Amino acid sequence: VALRELLFEHADERDLTKRKEYEAVGGYASLRKAVGMERQAVIDELLAANVRGRGGAGFPMGRKASFLPKPDESPKPIYLVANADESEPGTFKDREIMLRVPHMFVEGVVIASYAIGAAHAFIYLRGEYLAEFEVMTRALDRARKAGYVGPDVLGSGWGLTVVVHRGAGAYICGEETALLDSLEGRRGQPRTKPPFPAISGLYASPTLINNVETLATVPKILELGGAEYARLGVENSAGTRVFSLSGNVVKGGNYELELGTTLRELIYDIGGGIPDGRELKAIIPGGSSVPVLSADQVDAALDFDSMVEAGTMLGSGAVIVIDDRCCMVQLGLRVAQFYMHESCGKCTPCREGTRWMVQLLRRIEEGEASQDELDVLLNVCDRILGNCLCPLGDAAAMPVASYVVKFRDEYQRHIDEGGCPFGGESSLDGVLAPVDQHHARVRGEIEVPAPA
Amino acid sequence: MAKLYEEIQEVAAQYPSRLSAVMPALRLAQERHGWLPPEAFREVADALELTPAYCQAVASFYDMFHLEPVGRHMVEVCTNVSCALVGAQQVLEAFEVELGVHAGETTEDGEVTLRTVECAGGCGWGTVVAVDHRYREPVHPEDVSGIVKELRGA
């Protein structure tokens, strides 16, 4: 199996962070083409491409754009927001897109803004991404100088301002409505939907929100034509995706592949398999929020429908490979600790439920849990599912419940044997989660340094 | 402090609503003070016509805003799943030994704060360690003494 590079084409042999290099391989030609088209014709190409969102939810981009009112029908300004708050555990693809092909992302932002008639676009960039902020700032500056961004884009009479807004460390701000609250200057907490952002988003105005990878794909769609783009990949999953491969695998990294490639091809042919002669135990195929797959499901294909058939989701395309050294109770605990730490606290089932999950999993791991606590854990997961405003609670409950169901014997052994059968030899043994560090501080176990 | 006030006005002008400037303003204030003391909230509030309490409420939501003093240098070790699978805890412990502090603490001389963080987004090249917000990837336990020496010399 070979890489199929649309986004990273030429990025190995050229420095595409430079505007002129990007232009030399056809960069910004799609924008030139777009501003010569009717706005609706650009959206029609996105619809024909059947490109689905690359952030995690997989909603078709063209349909989302179609939900917005037309500029002449909207009494309020229309906004485009690029979601560059990449923070789903296991995912590091948007970062590589921004570092290696920043102009392709900028071009996608400008074309999408033109299509919906936005005069103002925001890139909500993850706060920790300092190098990416620097590269994006420079790329935008060069794009402005060349007239691709600014008061009169390529002499079309249409103007666009692009602002990079930096986050400050909160996973929840990757959720689109929490992101909007954060961008408006509040704590990043999700909103009730409806109204959806397409109708009432940023500053209560119509807003299109798309992930970095989705927007970076837009110039290629216009270059190839939507119908041609739709021929790539498989049915219901058009095009390529940048898969982030990590965990117990020889060659971790980002690999751009046609949708429909199998996990086996990604992990073994491209990733070089499992190191140290260990056995594959489990695979998390779409970031830590999705249900786990067992080793015997390694022939499942990486596309939206196949992942659903396998009982999980394609999510953000982050494939985490887990070998036989990993205790699945410790995995559950570490994943639950993450969501407990990142729960914004707005909805009770998520705020309290993630805490219960952590407590129960710790008791199971330490051999203190009674038999019925295993069912209590599944019951807590069940009570979170579908009962919150945003998917964060579900994102904690679904994977942890899947570990219990798929690896029930291992959970049972912790109870039967009064402790972890790995006896301290698990790869995740004793790993310190930030939430524990915070609690140690609150309990006074860590001394806070005196003000200078 | 007039300069901070003006810098905040400049940032606020980029947004249709001035409230949107609260995060970038807090960032500017933190760059100036090293953390966010009560004075910083008063400055940001003054510049954006908000209350200090509002600014503190926003800041306390986000991990990168420091509500108490931190070291001149920041070492952040990712211990989320992908990094943990390939030995993040061993890297963290190597830093604890080398710096003589636990995760969450600052060295006595106020130079270095060590902490664990959730997924930094470098999963394929774990363990990811951010040193003064610049990613080092991958970091192995044997790399740690070199990084600490570099910080001590800086």
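Throughout, protein chains are lettered first and strands after them, A, B, ... in sequence-line order, and every chain is numbered starting at 1. Small disclaimer: the values here were computed from a predicted structure and weren't measured.
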Side chain, backbone, both or neither of [X] within contact of chain B (heavy atoms, under 4.5 Å):
X	value
E86(A)	neither
C173(A)	side chain
T161(A)	neither
V321(A)	backbone
F338(A)	both
T91(A)	backbone
Q337(A)	backbone
H165(A)	both
E96(A)	side chain

Would the distance check show the side chain of [X] and the main-chain N or O of [Y] forming a donor-acceptor pair, the cut-off being under 3.5 Å?
X	Y	value
R166(A)	P24(B)	no
Q89(B)	L432(A)	yes
R27(B)	G167(A)	yes
Y171(A)	C119(B)	no
R334(A)	T79(B)	yes
Q14(B)	V163(A)	no

Quick one: what part of [X] sits under 4.5 Å from any heavy atom of chain A, side chain, backbone, both or neither?
X	answer
E137(B)	side chain
A88(B)	neither
L19(B)	both
V58(B)	both

Inset, instruction - Answer yes when E118(B) and R126(A) have at least one side-chain N-carboxylate O distance shorter than 4.0 Å, and no when they do not. - result: no
Using a cut-off of under 4.5 Å for heavy-atom pairs, which of [options] has the most such pairs with chain B?
options	value
S288(A), G271(A), S182(A)	S182(A)
N248(A), L245(A), V249(A)	N248(A)
P77(A), S244(A), A170(A), P89(A)	P89(A)

Inset, instruction - Decide yes or no for L130(A) and Y135(B): does some side-chain heavy atom of the first lie under 4.5 Å from some side-chain heavy atom of the second? - result: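 When only atoms from C-beta onward are counted, Y135(B) and L130(A) do not touch, as no gap falls below 4.5 Å.
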Inset, instruction - Tell me, out of M23(B), H133(B), Q90(B), R18(B), who's got the most heavy-atom pairs with chain A below 4.5 Å. - result: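 Ranked by heavy-atom pairs under 4.5 Å with chain A, first place is M23(B).
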Inset, instruction - State, to 0.1 Å, how close A120(B) and Y129(A) come at their nearest heavy-atom pair, and which atoms those are. - result: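 Where A120(B) meets Y129(A) most closely, the heavy atoms are O-CE1, 3.5 Å.
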